[in-house]
Novice: 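My questions all concern the structure below.
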Amino acid sequence: MGTISRGFTGRRSSTDAKLPSGQYLTTDFPILSAGPTPHIPLDRWEFVIDDGTNVLRKWDWKSFRDLPTDTMTVDIHCVTRWSKLGTCWEGVSLDTLLADVKTDASYAMARSYGDYTTNLPLKDLRNKQGWIAFRFDGEVLAAEHGGPARLLVPHLYFWKSAKWVRGITLMHHDKPGFWESLGYHIYGDPWKEQRYSDDV
Ligand SMILES: Nc1nc2c(c(=O)[nH]1)N[C@H]1C(S)=C(S)[C@@H](COP(=O)(O)O)O[C@H]1N2
Ligand SMILES: [Mo]
């Protein structure tokens, strides 16, 4: 195999251990957007949880920012192969947002201002695995990176972390979002290199 030698011990460095295969480390923060950056004034921003028919919960910016928040330091992995370790965010967990939602749905479609969508199992948004993040590195989240607020689901490839998120639609059946219908993997686990739809 044409892999780079790790030396005589074959020991992996602690950095390697945190990098899924096929990824390289970057220290800058690339911007990847499929379209123009939407600019959403805070007095018009809202976040809606619906079931495809009915609105189940809805927050405006003020009521959203009154919710308890988490700060988290997480590694992010883009399918274009850059990874960034130890990124610091503040956001409201989906556990908090889903707390009063009674549903037997198993999937969610995240919806963004500007019409981007991405699908994921609802269980991947629970147990402190998913947040609506509004601060990065102690600063207000920049519009290019998804501000006012973006989904952050660091255990999946970063395309699942919808920028400019405006809500989630709960679904009984999985359905591909934007990149998933263009050949990217329906789930997207970076540790299994689930990049494209035919990756197992
Ligand atoms: N609304 C929206 N969200 C998006 C995207 C996008 O094009 N539109 N790109 C995705 C992809 S492919 C990646 S890698 C990350 C990039 O986030 P960044 O620009 O903050 O690095 O956002 C994801 N979320
Ligand atoms: Mo990406």
Side-chain angles (χ1 to χ4, degrees), residues 14-15 17-20 23-34 37-42 45-49 57 59-99 101 108-114 116-168 177-179 187-191:
S14 57
T15 304
K18 296 177 86 176
L19 208 51
Q23 296 294 112
Y24 68 87
L25 276 179
T26 184
T27 49
D28 59 0
F29 195 173
I31 293 165
L32 281 101
S33 304
T37 295
H39 292 271
I40 309 101
L42 293 184
W45 184 91
E46 58 180 29
F47 184 81
V48 174
I49 300 178
R57 295 296 312 267
W59 293 264
D60 61 12
W61 186 257
K62 187 185 177 318
S63 56
F64 170 73
R65 288 295 286 106
D66 282 342
L67 296 169
T69 67
D70 295 332
T71 56
M72 46 279 167
T73 300
V74 297
D75 303 338
I76 53 182
H77 309 291
C78 173
V79 75
T80 63
R81 300 184 184 271
W82 58 267
S83 289
K84 195 170 166 58
L85 304 185
T87 60
C88 301
W89 303 80
E90 182 176 354
V92 176
S93 73
L94 266 297
D95 300 282
T96 296
L97 294 162
L98 289 165
V101 174
M109 186 70 79
R111 299 177 289 103
S112 293
Y113 291 98
Y116 185 86
T117 55
T118 189
N119 60 298
L120 53 193
L122 198 48
K123 70 168 169 41
D124 287 77
L125 292 176
R126 289 198 160 115
N127 295 313
K128 300 277 177 172
Q129 297 187 96
W131 294 269
I132 306 300
F134 54 85
R135 288 178 82 78
F136 173 77
D137 248 354
E139 308 279 348
V140 166
L141 182 62
E144 318 80 90
H145 287 298
R150 76 181 297 165
L151 184 61
L152 177 66
V153 189
H155 71 286
L156 300 177
Y157 278 123
F158 206 35
W159 90 74
K160 298 283 182 180
S161 293
K163 303 197 283 189
W164 316 297
V165 70
R166 66 185 303 173
I168 61 171
F178 178 77
W179 284 119
Y187 181 64
D189 181 347
W191 297 97

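Because only heavy atoms are used, hydrogens play no part in the values below, and waters and symmetry mates are left out as well, while side chains stay in. In this text the structure is predicted, and so the values were computed from the model without any measurement.
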Novice: Tell me whether Asp95 contacts the main-chain N or O of Asn127 through its side chain, where contact means a donor paired with an acceptor under 3.5 Å.
Specialist: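 Side chain of Asp95 to backbone of Asn127: a pair is present.
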
Novice: What's the verdict on side chain to side chain contact (heavy atoms under 4.5 Å, CB included) for Leu32 and Phe158, showing C-alpha distance, side-chain angles and the deciding distance?
Specialist: CA-CA 10 Å; Leu32 281 101; Phe158 206 35; over 6 Å; no

Novice: Would Lys160 and Asp124 count as a side chain to side chain contact (heavy atoms under 4.5 Å, CB included) if you check the C-alpha gap in whole Å, the side-chain angles of each, and the deciding distance to 0.1 Å?
Specialist: CA-CA 11 Å; Lys160 298 283 182 180; Asp124 287 77; over 6 Å; no

Novice: Counting C-beta onward and ignoring hydrogens, is there a side-chain heavy-atom pair between Thr87 and Phe29 closer than 4.5 Å?
Specialist: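 When only atoms from C-beta onward are counted, Phe29 and Thr87 do not touch, as no gap falls below 4.5 Å.
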
Novice: Looking only at heavy atoms, what is the nearest atom pair of Leu141 and Ala133, with distance?
Specialist: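 Nearest heavy atoms, Leu141 then Ala133: CD2-O, 3.6 Å.
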
Novice: For the residue pair Glu144 and Ser33, what are the closest heavy atoms and their distance?
Specialist: O-OG, 4.1 Å

Novice: Indicate yes or no: at least one non-hydrogen side-chain atom of Leu125 is less than 4.5 angstrom from one of Ile168.
Specialist: yes

Novice: Is there a donor-acceptor contact under 3.5 Å from the side chain of Glu90 to the main chain of Gly138?
Specialist: no

Novice: Measuring from atom CE of Met72 to atom OG of Ser93, what distance do you get when rounded to the nearest 0.5 angstrom?
Specialist: 8.5 Å

Novice: At their closest point, which heavy atom of Pro20 faces which heavy atom of Pro190, and how far apart are they?
Specialist: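 Closest approach of Pro20 to Pro190: CB-O, 3.4 Å.
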
Novice: Are the side chain of Trp164 and the backbone of Ala143 linked by a donor-acceptor contact shorter than 3.5 Å?
Specialist: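 Answer holds: yes.
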
Novice: Atom CG in Leu85, atom NE2 in His77: separation rounded to 0.5 Å?
Specialist: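 One finds 7.0 Å between CG of Leu85 and NE2 of His77.
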
Novice: Between Thr96 and Trp131, is a side chain to side chain contact (heavy atoms under 4.5 Å, CB included) present by the stated rule, with each step listed?
Specialist: CA-CA 9 Å; Thr96 296; Trp131 294 269; over 6 Å; no

Novice: Working to the nearest 0.5 angstrom, can you tell me the gap between Leu98 CG and Arg126 CZ?
Specialist: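 Atom-to-atom, Leu98:CG and Arg126:CZ are 5.0 Å apart.
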
Novice: For Val153 and Gly130, which heavy atoms make the closest approach, and how far apart are they?
Specialist: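 For Val153 versus Gly130, the nearest heavy atoms are CG2-CA, 4.4 Å.
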
Novice: Tell me, do Arg57 and Leu97 make a side-chain contact under 4.5 Å, heavy atoms counted?
Specialist: no

Novice: Please work out whether the ring planes of Trp45 and Trp61 are parallel, tilted or perpendicular, with thresholds of 30° and 60°.
Specialist: perpendicular

Novice: Would you mind reporting whether Leu94 and Ile132 have side-chain heavy atoms less than 4.5 Å apart?
Specialist: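 They are in contact (side-chain heavy atoms under 4.5 Å apart), so the answer is yes.
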
Novice: Take Ser63 and Asp66, measure what side chain to side chain donor-acceptor pair (under 3.5 Å) needs, and give me the verdict at the end.
Specialist: CA-CA 5 Å; Ser63 56; Asp66 282 342; over 6 Å; no

Novice: Tell me, do Leu42 and Pro148 make a side-chain contact under 4.5 Å, heavy atoms counted?
Specialist: yes

Novice: Checking Arg166 against Tyr113: charged group under 6.0 Å from the ring centre and within 45 degrees of the axis?
Specialist: yes

Novice: Only one of Thr118, Thr117, Asn119 forms a side-chain contact (heavy atoms from CB on, under 4.5 Å) with Phe178, so which one is it?
Specialist: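 In the set Thr118, Thr117, Asn119, the residue that makes a side-chain contact (heavy atoms from CB on, under 4.5 Å) with Phe178 is Thr117.
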
Novice: Given 3.5 Å as the limit, does a donor-acceptor pair link the side chain of Glu46 with the main chain of Gly167, or not?
Specialist: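 A pair under 3.5 Å: no.
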
Novice: What is the minimum heavy-atom distance between Thr80 and Cys78, and which atoms define it?
Specialist: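 Nearest heavy atoms, Thr80 then Cys78: OG1-SG, 2.9 Å.
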
Novice: Can you find a heavy atom in the side chain of Arg135 that is under 4.5 Å from one in the side chain of Thr71?
Specialist: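 A side-chain contact under 4.5 Å is absent here.
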
Novice: Please determine whether side chain to side chain contact (heavy atoms under 4.5 Å, CB included) holds for the pair Val92 and Phe47, giving the CA-CA distance in whole Å, both sets of side-chain angles, and the decisive distance to 0.1 Å.
Specialist: CA-CA 12 Å; Val92 176; Phe47 184 81; over 6 Å; no

Novice: Write down the atom of Phe134, the atom of Gly91, and the distance for their closest heavy-atom approach.
Specialist: CE2-CA, 3.6 Å

Novice: Can any side-chain N or O of Ser112 pair as donor or acceptor with the backbone N or O of Lys163 at less than 3.5 Å?
Specialist: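 Side chain of Ser112 to backbone of Lys163: a pair is present.
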
Novice: Among Val79, Ile76, Asp189, find the one that has a side-chain contact (heavy atoms from CB on, under 4.5 Å) with Tyr157.
Specialist: Val79

Novice: Short question: side chain of Arg150, backbone of His145 - any donor-acceptor pair under 3.5 Å?
Specialist: yes

Novice: For Lys84, does its backbone N or O pair with a side-chain atom of Thr26 as donor and acceptor, under 3.5 Å?
Specialist: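 Pair absent, no side-chain N/O of Thr26 close to backbone of Lys84.
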
